[in-house]
Amino acid sequence: MTNQVLLDPSNSIYSSDEDCRPDESLFAIYHSTQATAAPRNFIGALPIELLLAIFMHLYQSSRRLTQTGETWRLDDPLSSLFPYAPAAVCSMWCSVLSRVPEFWTRVIIRVDSQYTQSQDVRRYFEWSRNLHLDVIITRNRDEFEGVDMREKSKVFKATRELVRHIERCRSIRFNVMYSSSLPSILHDFHRETAPHLHTLKLKCKVDDGGSPPRKLVHWSFDAPGLRHLYLDARNFVDVCVDRNNWLRRLHNLNSLSVSRYRQFSAKGIDLYKLLKAVEESPSLAYLELKDLHFSRLRPWTTVNDISIDIMSMNLEDLSGEVLSEIIGYVDSAPDATRISRCSITTCHHSLISGGVAFHDLSANQDLMAPLAHWRGHTLSLVNCACFHDDFLRDMMDGGPHDQSFACKGVKELYLVNCTKFSPRLLRTMVRMRRKLARRSTFWIEDQETLDWTFPIVAPITLISVEGGPALFKKDREWFEANLGSFHWNEQVPHSSFEDSGDSDYDIHGG
């Protein structure tokens, strides 16, 4: 069916701006192509109306619905992105596409071996007319290895074009190889205003030391609607730690990610200054700290007055023993906490989240360190060799009078690629805890218990295992008969569990 949105010039999608209307030049393009096309050039023979209907279908299939409205999809490969792939077919298609500004509201600028030329970048911005923009400056996913000595100059040229249109930007995403290639918010965005900007992401794969620091006394970048901020650590320190904290002025900021700072000297990031800056954010709900090297020693003059209230936290690849201190400064009970490839054995603060997920922990880690006094209800473990029979025995040990169970609130257990435990011992642990829970509180359906508080220990009501050890038929039948929800797959999942930074979605899953 032909979509009337693009075929009817009187439709409201164009009525607000006459320049956005596909004008008569479209038909002039078509007729001029017909005059010169070979008899079998079926691409050139397609009517304008049919082309527009096809392009509109491609446009809609490149969009997705979110809680805040419709936006561009972010998971399509660069080689097939709309409108760039069809625009490359022939000059006629490119000319037709260029007359519809909505198609060009996602500006993709490549900075890899197939980098986008500056004149093409300027055309993309021009074709979008005065509409709001989502700008992505990135590399192809297969070109994040090796060496690219020219990446910085390519990103610099792209940033220069971007800044000229920053007032129209809704989202800006950089995804490059080196931290030194990323723009400096302190200098490149100085004195700019971005009234429509809700997402700003500056991501790199490796920290190569960044650009040389430059002094700037008075700095301003006005982005009053910013909700999602992802910064490399050096940019974060520049605008949130070493000067008047920019986070204080971001009254709508919902999620913050700080990543990539490796040890080039004995000095790392000052953990307490970073946490103090985070604390001063007026509306922050989601926090991610990833691949950071911190200064270990706390200065004696620092006062212990940091208190961070957030809903969700993701901690990945943090060096040293900082995990315990970070957890200790989060005073509210987050809905969820995810911890990946961090040292947890020396953690002396108990987690307080309702749900906790551990990823990629080695066998020498001690899960009981952060979980012994944890009262949450959902525990997830992915690729964790430290989930073994000793942990299950600890979950069965309630002390002399069954009054001090570890993980006493757990009701849901998710295991992925964990094979170092005995299914029979897991069954014994589940049976024992359910028996004690039923003794203290009467319940009929497992589904009713998720929000219940059990005085001694909560019953396990859900178990999901992917890539687990072999399960005997008798044990499977027992789990299926006694749990409200049960799933056990011995095969390793086909989908890989990647570093969260490999996706371009926001840290809270949006």
Side-chain angles (χ1 to χ4, degrees), residues 1-38 41-64 70-111 114-138 140 158 161-162 164-165 168-171 173:
M1 179 181 293
T2 302
N3 193 296
Q4 295 301 315
V5 170
L6 287 179
L7 300 186
D8 182 3
S10 65
N11 194 283
S12 60
I13 193 171
Y14 300 114
S15 59
S16 62
D17 186 350
E18 293 183 358
D19 291 336
C20 295
R21 181 181 304 153
D23 53 37
E24 295 297 327
S25 62
L26 285 173
F27 299 96
I29 293 168
Y30 171 67
H31 291 301
S32 66
T33 305
Q34 294 304 295
T36 58
N41 186 356
F42 296 108
I43 290 177
L46 291 175
I48 293 297
E49 293 87 351
L50 180 57
L51 275 178
L52 285 172
I54 294 171
F55 293 155
M56 185 59 187
H57 173 75
L58 293 174
Y59 169 76
Q60 291 177 333
S61 66
S62 300
R63 310 276 289 177
R64 66 185 180 97
E70 190 179 87
T71 187
W72 289 97
R73 294 174 59 90
L74 296 172
D75 53 353
D76 297 325
L78 287 177
S79 59
S80 63
L81 283 180
F82 179 85
Y84 304 94
V89 171
C90 68
S91 59
M92 177 188 173
W93 282 28
C94 184
S95 296
V96 172
L97 287 162
S98 70
R99 298 309 198 276
V100 185
E102 282 77 12
F103 292 167
W104 301 94
T105 55
R106 176 175 59 179
V107 177
I108 307 294
I109 306 174
R110 292 182 61 167
V111 291
Q114 304 296 319
Y115 66 94
T116 311
Q117 299 287 343
S118 295
Q119 60 267 29
D120 291 327
V121 175
R122 286 191 285 271
R123 275 197 288 262
Y124 301 155
F125 283 119
E126 177 185 346
W127 290 343
S128 66
R129 307 287 171 85
N130 62 347
L131 299 182
H132 295 164
L133 299 171
D134 298 293
V135 181
I136 301 175
I137 298 174
T138 187
N140 188 55
E161 299 296 334
L162 158 68
R164 293 170 181 166
H165 302 271
R168 292 197 284 139
C169 290
R170 290 175 301 203
S171 66
R173 293 175 170 88

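Atom set for the values below is all heavy atoms of this structure, side chains included, hydrogens, waters and symmetry mates excluded. Position 1 is the first residue of the sequence; numbering continues from there. Quantities reported herein were computed from a predicted structural model and do not represent experimental measurements.
Contact annotation: the side chain of Leu51 approaches that of Met92 to within less than 4.5 Å [non-hydrogen atoms, C-beta and beyond]. Val100 is not listed as a side-chain neighbour of Phe55, based on a closest heavy-atom distance of 4.5 Å or more. Glu126 places none of its side-chain heavy atoms less than 4.5 Å from the side chain of Tyr124. When side chains are defined from C-beta on, Val111 counts as touching Ile137, because their heavy atoms get closer than 4.5 Å. Side-chain contact check for Ile136 versus Leu74: some heavy-atom pair is nearer than 4.5 Å. Using a 4.5 Å cut-off on side-chain heavy atoms (C-beta onward), Leu133 and Phe125 make contact. Using a 4.5 Å heavy-atom threshold, the side chains of Trp104 and Arg123 count as separate.
Across Val135 and Cys169, no two heavy atoms sit closer than the pair CG2-SG, 3.9 Å. In terms of heavy atoms, Ala85 sits closest to Ser79 at CB-O, 3.8 Å. Of all heavy-atom pairs spanning Cys94 and Ala87, the tightest one is CB-O, 3.4 Å. Ala158 approaches Ile109 most closely through the heavy-atom pair CB-CG2, 3.7 Å.
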Next item on the list: Carefully, step by step, assess Tyr59 and Trp72 under the rule ring-ring contact (aromatic ring centres under 6.0 Å, His included).
Entry: CA-CA 9 Å; Tyr59 169 76; Trp72 289 97; 5.4 Å; yes
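Interatomic distance, Arg110 CZ to Thr138 OG1, rounded to the nearest 0.5 Å: 8.5 Å. Distance check: Thr116 OG1 to Glu161 CD gives 11.5 Å after rounding to the nearest 0.5 Å. Interatomic distance, CE of Met56 versus CD1 of Ile54, reported as 13.5 Å (0.5 Å rounding). Remark: Arg173 CZ to Ile108 CD1 distance equals 9.5 Å, nearest 0.5 Å.
For the pair Arg170 and Asp134, the salt-bridge criterion is met [side-chain N within less than 4.0 Å of a carboxylate O].
In this structure, Ser128 contributes its side chain and Thr105 its backbone to no donor-acceptor pair below 3.5 Å. Remark: side-chain polar atoms of Arg106 are paired, donor with acceptor, to backbone N or O of Arg73 under 3.5 angstrom.
In this structure, His57 places its NE2 atom where only 12 or fewer heavy-atom neighbours from other residues, nucleotides or ligands lie under 6.0 Å away.
Ring-plane geometry between Phe103 and Phe82 is classed as perpendicular, the angle between the planes exceeding 60 degrees on a 0 to 90 degree scale with a lower cut at 30.
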